[in-house]
S.K.: 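Would you mind keeping the following structure in view while I ask a few things?
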Amino acid sequence: MLLLTAGFPAAADEFADAVAGLGEGGFAAKEQAIAALGKLGDPRAVPILDALTDDRLRTAADGRVLILAPDGAKLTDAATGEPVAGVEPDQLDRVVVNNRLRGGIEAALGSLTLFSPDRGTRLAAARDALRHPSADSVPALQKALAAETDSEVRAAIQISLAATQLTGGTKKQQLAAIRSLAVTTDPRVKNLLDEFRSRPDLDPELAKAASEALASIGNRLQLIGIAANFFQGISLGSILLLAAIGLAITFGVMGVINMAHGEMIMVGAYTAYVVQQIFRTFLPREFIDLYLVMAVPVAFLFAGLLGVVLERTLIRFLYGRPLETLLATWGVSLIMQQAVRSMFGSPNKEVANPSWMTGGFDILGGFTVTWNRLY
C-alpha cells in the first residue's frame, strides 16, 4: 500500500475525514465525502468505493467505517487498511446509498483509476475523462499527469486536462487548451471545439482561436483519412491480386478456366479452422497461438492435393476446350460448396487471431495499423 500511495501525498487527515463522512447519516454528507475521495487521487479510496457500491461498507458504534470482505469473513478499517477483530458484522450498520450517490461513486472511481498500477487501466481512464470533461476532475488529472511516466498515457491525460479546462477554465486557460487541442486528431476533440465555438456569448478571441484549431484538425484528419484508405486499399487489393494471379496462371499455363478457384481458397480457410480446432481440443492452451503457423502449410498441402485429384480425374480430359472446363469446374464448385455445408454447416466459422496478430499500433492519431492486416 505504501508503494501505491508514495506518489500521491494526500494529507492523512483529509483522507480520514473523507472516509468518516461516508459513515454520517445524511446523503448530502456522503456525496461530499465521495467527491472528496475522488479529488484526493488516493488509490486507497478504490476498495472503499467498491465496497460502497457492493453494499459492503459498514459503520461501527464508535464511528469507524469498516469494509466487509466479499465472503463476509473479515472486516477491515477503511481509513487505515488494518484488519479489525472482535467485531461481528451483524452488530454493524449498513452504509446506504441512492442512485445519485451511485453516479458520484462512478465518477470518483473514474478519476481514481488514473492512478492504477495497470497501464491499460490508466490509459482507459484518461481517455474516458475526455468523453466526460468536468471541472471537478482537474485536480485528479493534474496529479495523475505529475506522476505519470508512460508517454502515451501522459498524452491522453494532457488532452483530457485541456478539454476540462476548455469547458470550465479562465480565458487564459481556455486559450492554452485550444492551442493544446489543435495538434490532436481525435474526432471527439473536434466535436468539443465545435460545440465550444458555437456558444452565443463566446469571446471573439476565443472564437477565432477555436476556428483556427478546427481548421488545423480538419486538414490533419483529411490527410490521415487518405493515408488510412491507401493502406486499406493495398491490404484488400493484395488479397484480390493473389486470387487473380492464381486464375491467370491456371489459364495461361493450362488453358483452363477454373470456376472452382474461389472454392479452393475456401478449402484453405476451412483447413485453417480444422487445424485450430485440433489445437484447441488435443493440445494444451498455451500452444493455441501456434495453430496458424501449422495451418498455413497444411492448407497449401491439402488444397494442392485436391487440385491434383481434380486435374487427374476431370481436367486432363478437357485440355484445349476452355468453355468445357468452365462448365465442368462450375459444377465442381457447386459440389464443393454443398460438401462444406454438409460437413460444417451454413453459419460462418470463427478462425481466431493468435495473440501476436491481435491489436495494432497507432502511426498517427486516427490511423491505426492492425497486426492482422499487416501480416
Side-chain angles (χ1 to χ4, degrees), residues 50 69-71 113 116-125 127 150 152-153 228 231-247 249-250 258-315 329 331-363 367-375:
D50 284 338
D71 58 4
T113 49
S116 169
D118 180 67
R119 176 191 177 276
T121 302
R122 298 197 309 273
L123 182 59
R127 289 173 174 170
D150 185 275
E152 186 177 3
V153 180
F231 174 75
Q232 295 281 359
I234 291 177
S235 177
L236 294 175
S238 64
I239 299 172
L240 299 176
L241 179 63
L242 287 174
I245 287 174
L247 284 170
I249 291 175
T250 303
N258 182 14
M259 292 296 290
H261 186 66
E263 281 64 35
M264 303 297 287
I265 298 173
M266 174 192 70
V267 166
Y270 275 96
T271 303
Y273 169 74
V274 171
V275 172
Q276 171 191 259
Q277 296 305 104
I278 292 173
F279 268 67
R280 285 179 172 175
T281 305
F282 299 105
L283 294 179
R285 180 180 293 272
E286 56 267 22
F287 290 103
I288 187 62
D289 278 348
L290 298 177
Y291 89 87
L292 191 60
V293 177
M294 181 65 67
V296 170
V298 171
F300 269 100
L301 291 174
F302 188 74
L305 178 62
L306 186 62
V308 169
V309 171
L310 181 62
E311 195 276 337
R312 292 295 180 183
T313 58
L314 179 65
I315 300 298
T329 53
V332 170
S333 73
L334 297 178
I335 294 172
M336 293 174 66
Q337 289 177 32
Q338 188 56 48
V340 166
R341 288 194 189 99
S342 300
M343 288 187 288
F344 298 99
S346 297
N348 292 337
K349 299 298 180 183
E350 176 208 10
V351 180
N353 270 344
S355 61
W356 44 273
M357 282 181 61
T358 303
F361 57 95
D362 196 35
I363 297 180
F367 181 17
T368 300
V369 177
T370 56
W371 289 115
N372 58 348
R373 280 205 176 275
L374 196 61
Y375 277 106

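What you see below is based on every heavy atom in this structure, not just the backbone, and it leaves out hydrogens, waters and symmetry mates.
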S.K.: Do any side-chain atoms of residues 275-284 form donor-acceptor pairs under 3.5 angstrom with protein atoms, and if so which ones, sequence neighbours left out?
M.R.:
from : atom 1 : to   : atom 2 : distance (Å)
Q276 : OE1    : A352 : N      : 2.8
Q276 : NE2    : E350 : O      : 2.9
Q277 : OE1    : R280 : NH1    : 3.4
T281 : OG1    : Q277 : O      : 2.8

S.K.: Can you pull the side chain to side chain donor-acceptor pair (under 3.5 Å) pairs that have at least one residue in residues 263-272, sequence neighbours excluded?
M.R.: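 Listed once each, the pairs are E263-Q337.
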S.K.: Can you sort out the partners of N372 under side-chain contact (heavy atoms from CB on, under 4.5 Å), two or more places apart, ordered by chain and number?
M.R.: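 Partners of N372 by the side-chain contact (heavy atoms from CB on, under 4.5 Å) criterion, ordered by chain and then number, come out as N353, M357, T370.
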S.K.: Would you mind listing every side chain to side chain donor-acceptor pair (under 3.5 Å) that reaches into residues 233-245, with sequence neighbours excluded?
M.R.: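 Of all non-adjacent pairs touching residues 233-245, those that pass side chain to side chain donor-acceptor pair (under 3.5 Å) are S235-R373.
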S.K.: Could you check W356 against V293 for side-chain contact (heavy atoms from CB on, under 4.5 Å), going step by step and ending with a plain yes or no?
M.R.: CA-CA 11 Å; W356 44 273; V293 177; 4.2 Å; yes
S.K.: For A69, check side-chain contact (heavy atoms from CB on, under 4.5 Å) against everything at least two apart and list the hits.
M.R.: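 A69 satisfies side-chain contact (heavy atoms from CB on, under 4.5 Å) with D71, K74 once adjacent residues are dropped.
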S.K.: What's the spacing between L242 CG and I265 CD1 if we round to 0.5 Å?
M.R.: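 Rounded to the nearest 0.5 Å, the CG-CD1 separation comes out at 8.5 Å.
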S.K.: My understanding is that only residues two or more places apart in sequence, or in another chain, count here; which of them pass side-chain contact (heavy atoms from CB on, under 4.5 Å) with L240?
M.R.: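 Per chain and number, L240 pairs via side-chain contact (heavy atoms from CB on, under 4.5 Å) with no residue.
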S.K.: With sequence neighbours excluded, tell me which residues meet side-chain contact (heavy atoms from CB on, under 4.5 Å) with L374.
M.R.: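 Expected list: F231, F361, V369, W371.
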S.K.: For residues 281-292, which residue pairs qualify under salt bridge (charged side-chain N to carboxylate O under 4.0 Å, His left out), counting only residues two or more places apart or in two chains?
M.R.: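 Found none.
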S.K.: Please name all residues satisfying salt bridge (charged side-chain N to carboxylate O under 4.0 Å, His left out) with E152, sequence neighbours left out, ordered by chain then number.
M.R.: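 Per chain and number, E152 pairs via salt bridge (charged side-chain N to carboxylate O under 4.0 Å, His left out) with R119, R127.
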S.K.: How many angstroms lie between CG in L301 and CG in L306, if you round to the nearest 0.5 Å?
M.R.: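 Rounded to the nearest 0.5 Å, the CG-CG separation comes out at 12.5 Å.
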S.K.: To the nearest 0.5 Å, tell me how far E311 CD sits from T250 OG1.
M.R.: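 Those atoms lie 11.0 Å apart.
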S.K.: Measuring from L310:CG to N258:CG, what's the distance to the nearest 0.5 Å?
M.R.: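 One finds 7.0 Å between CG of L310 and CG of N258.
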S.K.: Let me have the donor-acceptor pairs involving side chains of residues 339-349, under 3.5 Å, with sequence neighbours excluded, atom names and distances please.
M.R.:
from : atom 1 : to   : atom 2 : distance (Å)
S342 : OG     : Q338 : O      : 2.9
K349 : NZ     : F344 : O      : 3.1

S.K.: Quick check: do F302 and V274 have side-chain heavy atoms less than 4.5 Å from each other?
M.R.: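 F302 does not reach V274 side chain to side chain.
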S.K.: Between S333 (side chain) and A260 (backbone), is there a donor-acceptor pair under 3.5 Å?
M.R.: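 No, S333 side chain to A260 backbone: no donor-acceptor pair under 3.5 Å.
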S.K.: Closest heavy-atom contact between A299 and G268?
M.R.: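 Here A299 and G268 meet closest at CB-O, 3.7 Å.
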S.K.: Is there a donor-acceptor contact under 3.5 Å from the side chain of H261 to the main chain of A243?
M.R.: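 Here the side-chain-to-backbone pair exists.
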